[in-house]
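Please read these numbers as outputs of a predicted model, since none were measured by experiment. Every number for a ligand or one of its atoms is a count from 1 in the order of the listing. When a residue number appears, it is its place in the shown sequence, counting from 1.
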Amino acid sequence: MITEIAKAAQIIGRSENLAVFTGAGISAESGIPVFRGEGGLWEQYNPEILEINYFHSHPLVSWNAIKKLFYDFLKGAKPNAAHFALAELETIGIATTIITQNIDNFHQLAGSSNVIEFHGTTKNLICTKCHRMVAATETILSDLPPKCEHCHSLLKPDFIFFGEGIPQKAFTESSEAAANCDVMLVIGTSGEVMPASLIPIEAKRHGATIIEINPDKNVFASGKNDIFICAKAGEALLQIIELIKTEKS
Ligand code: NAD
Ligand code: ZN
C-alpha cells in the first residue's frame with residue numbers, strides 16, 4: 001500500500017489541475033454516518049424519507065428523520081484530517097477543485113475555496129412554494145415541519161432529494177472540472193448515486209489519471225481507477241500531503 005501512496009503523492013504533487021470527488025466516506029472520520037456500507041444509515045432508516053414525493057405527502061415523518069440524521073449529527077461535528085489535508089493542497093500551490101456529494105459544508109470549513117456542492121447543502125432551507133432561502137438555524141428547526149415566514153408553505157433543506165434533478169450550475173461546473181483536470185482523486189464514495197458517479201468516468205474519458213481512496217475493496221471505480229489506496233481517507237491523505245511537502249521542499 002505504501003507504494004500506492006507514494007505513487008499517488010508524486011502524481012498529485014506534479015498535477016496542474018487537480019479535481020477531487022468526495023462522498024460520505026470522507027466525513028465518516030468526523031462521526032457522520034455514511035448511507036451505504038458498514039454502519040450505514042440505510043441499515044436503520046428507509047430511504048423513502050428522502051424521496052421528494054414522500055416528503056410532500058409526509059412532511060413531518062420526513063422532517064423528524066432528516067433533523068436527526070443530518071442536523072443533530074452535524075451539530076457537534078467538525079471537519080477531519082482528510083478535509084484539512086485537501087485544503088492544505090491549495091495552500092502549497094496545487095490548483096484544486098473539489099466536487100463533493102456531501103452536504104455537510106466541511107470542505108469549506110476546513111479552508112478549501114473552490115468547492116462545488118453537487119447535491120446542495122444542509123446550511124440553508126428553501127421554501128417549496130416561493131423559493132425564498134433561509135439559514136437552517138436551531139430556532140427554525142425547533143418546530144417541525146418548518147414553514148416559510150413569508151408564505152407559510154413547507155420548507156425543505158437546500159439539498160436534493162431522490163427524484164430531484166442536480167442544480168444546473170453545479171452540474172455544469174462539475175462537468176467542466178472533470179473534463180479539464182489532469183488528475184482526479186476519488187474519495188469515500190460507493191458510486192451508487194447517479195449522475196454523480198459519472199464524474200470520475202467523465203474525467204477518465206478526457207484522459208485524467210484516477211486515484212481512488214476507500215477502505216472497501218469493492219469500490220465502484222475498480223477497473224477505471226489507475227491507483228487504488230485501500231485505506232481510510234484521513235490516514236491516506238495525511239501520508240500523501242507529507243510526501244508532497246517533502247518533495248516540494
Ligand atoms: P455512500 O454512503 O453510498 O458510500 C460511502 C462510501 O464511503 C463507501 O464506499 C465506504 O466504503 C466509504 N468509506 C467509509 N468510511 C470511509 C473512510 N473513513 N474513508 C474513506 N472512505 C470511507 O456515500 P456516497 O457515495 O457519497 O453517496 C451517498 C449520498 O449520501 C451522497 O449523495 C451524499 O450527498 C449523501 N450523504 C452525505 C453525507 C455528508 O454530507 N456527510 C453523509 C451521508 C450521506
Ligand atoms: Zn415561501
Side-chain angles (χ1 to χ4, degrees), residues 20-45 47 49-50 65-66 68-71 73-74 77-83 85-86 98-109 115-123 125-134 140 146-162 164 166-167 170 174 185-200 211-222 225 228-238:
V20 185
F21 177 57
T22 65
I26 196 169
S27 297
E29 288 158 86
S30 295
I32 310 290
V34 296
F35 278 175
R36 297 169 192 80
E38 217 187 308
L41 293 173
W42 299 153
E43 283 176 0
Q44 295 168 47
Y45 286 87
I49 54 136
L50 287 185
I66 289 166
K68 230 199 227 150
L69 295 182
F70 296 104
Y71 292 95
F73 266 124
L74 277 174
K78 295 189 185 73
N80 63 55
H83 300 99
L86 292 178
I98 296 181
I99 305 161
T100 189
Q101 298 172 81
N102 295 344
I103 52 180
D104 54 26
N105 199 40
F106 282 172
H107 288 298
Q108 292 92 327
L109 285 174
V115 182
I116 303 167
E117 292 175 310
F118 199 75
H119 290 155
T121 177
T122 47
K123 258 178 58 178
L125 307 181
I126 184 162
C127 174
T128 51
K129 188 167 180 207
C130 74
H131 307 297
R132 277 185 170 77
M133 196 92 90
V134 286
I140 212 154
K147 297 280 171 62
C148 173
E149 272 188 7
H150 182 77
C151 74
H152 310 290
S153 300
L154 179 65
L155 290 171
K156 169 190 171 293
D158 188 28
F159 56 75
I160 63 157
F161 283 30
F162 298 122
E164 288 191 293
I166 304 298
S174 308
L185 183 53
V186 178
I187 308 172
T189 177
S190 66
E192 285 187 32
V193 178
M194 283 279 276
S197 55
L198 296 176
I199 291 170
I211 301 170
E212 181 160 18
I213 303 174
N214 197 309
D216 183 350
K217 278 196 221 67
N218 306 312
V219 282
F220 86 104
S222 43
N225 55 31
F228 175 54
I229 299 167
C230 188
K232 290 186 175 175
E235 286 167 15
L237 285 171
L238 275 181

When you compare the side chains of [X] and [Y], does any donor N or O come within less than 3.5 Å of an acceptor on the partner?
X    : Y    : answer
Q108 : E117 : yes
E29  : N80  : no
T121 : N105 : no
S153 : T128 : no

Query - Residue among L237, V186, T189 satisfying side-chain contact (heavy atoms from CB on, under 4.5 Å) with I213 - result: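 So, applying the side-chain contact (heavy atoms from CB on, under 4.5 Å) to I213 and each of L237, V186, T189, only L237 qualifies.
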Report task. Let me know which of I229, I211, L86 forms a side-chain contact (heavy atoms from CB on, under 4.5 Å) with I187. Result ->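 For I187, the side-chain contact (heavy atoms from CB on, under 4.5 Å) test succeeds with only one of I229, I211, L86, which is L86.
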Query raised in the report: Using the benzene-type ring in the case of Trp, are the ring centres of F118 and F21 under 6.0 Å apart?
Result: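 Distance test on ring centres: not under 6.0 Å, no.
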Query - Centroid separation H83 to F106 less than 6.0 Å - result: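 For H83 and F106, the ring centres are under 6.0 Å apart.
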With respect to [atom], which of [options] exhibits the smallest heavy-atom separation?
atom                    : options               : result
atom 16 (C) of ligand 1 : G23, G191, G25        : G25
atom 32 (O) of ligand 1 : K217, E192, H119      : H119
atom 20 (C) of ligand 1 : A196, G31, S190, P215 : P215
atom 38 (C) of ligand 1 : N102, T121, I187      : N102

Is [X] in polar range of ligand 1, meaning some N or O pair under 3.5 Å apart?
X    : result
A28  : no
D104 : yes
F70  : no
G188 : yes

Would you say [X] reaches the Zn ion (ligand 2) with an N/O/S atom under 2.8 Å?
X    : answer
C151 : yes
H131 : no
C130 : yes

Query raised in the report: Does the pair E164/K156 count as a salt bridge with the N-to-O cut at 4.0 Å?
Result: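 Between K156 and E164 there is a salt bridge, with a charged N closer than 4.0 Å to a carboxylate O.
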Query raised in the report: Vertex the Zn ion (ligand 2): angle to SG of C148 and SG of C127, to 10°?
Result: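 Roughly 110°, rounded to 10°.
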Considering only heavy atoms of [X], which atoms of ligand 1 have at least one such atom less than 4.0 Å away?
X    : result
E29  : 17 (C), 18 (N), 19 (N)
S27  : 41 (N)
D216 : 11 (O)

**Report entry** 4.0 Å heavy-atom contact, V193 with ligand 1
**Finding:**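 Distance cut 4.0 Å: V193 passes for ligand 1.
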Query raised in the report: N214: heavy atom below 4.0 Å from ligand 1, yes or no?
Result: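 N214 counts as a contact of ligand 1 under the 4.0 Å cut-off.
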Requested in this report: Check whether any side-chain N or O of Y71 sits under 3.5 Å from a backbone N or O of T122 as a donor-acceptor pair, and report yes or no.
Outcome: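 Yes, the answer is positive, given that a donor and an acceptor are paired below the 3.5 Å cut-off.
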Query raised in the report: Is the closest side-chain heavy-atom distance between L125 and M133 below 4.5 Å?
Result: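 Of all side-chain heavy-atom pairs linking M133 with L125, none is under 4.5 Å.
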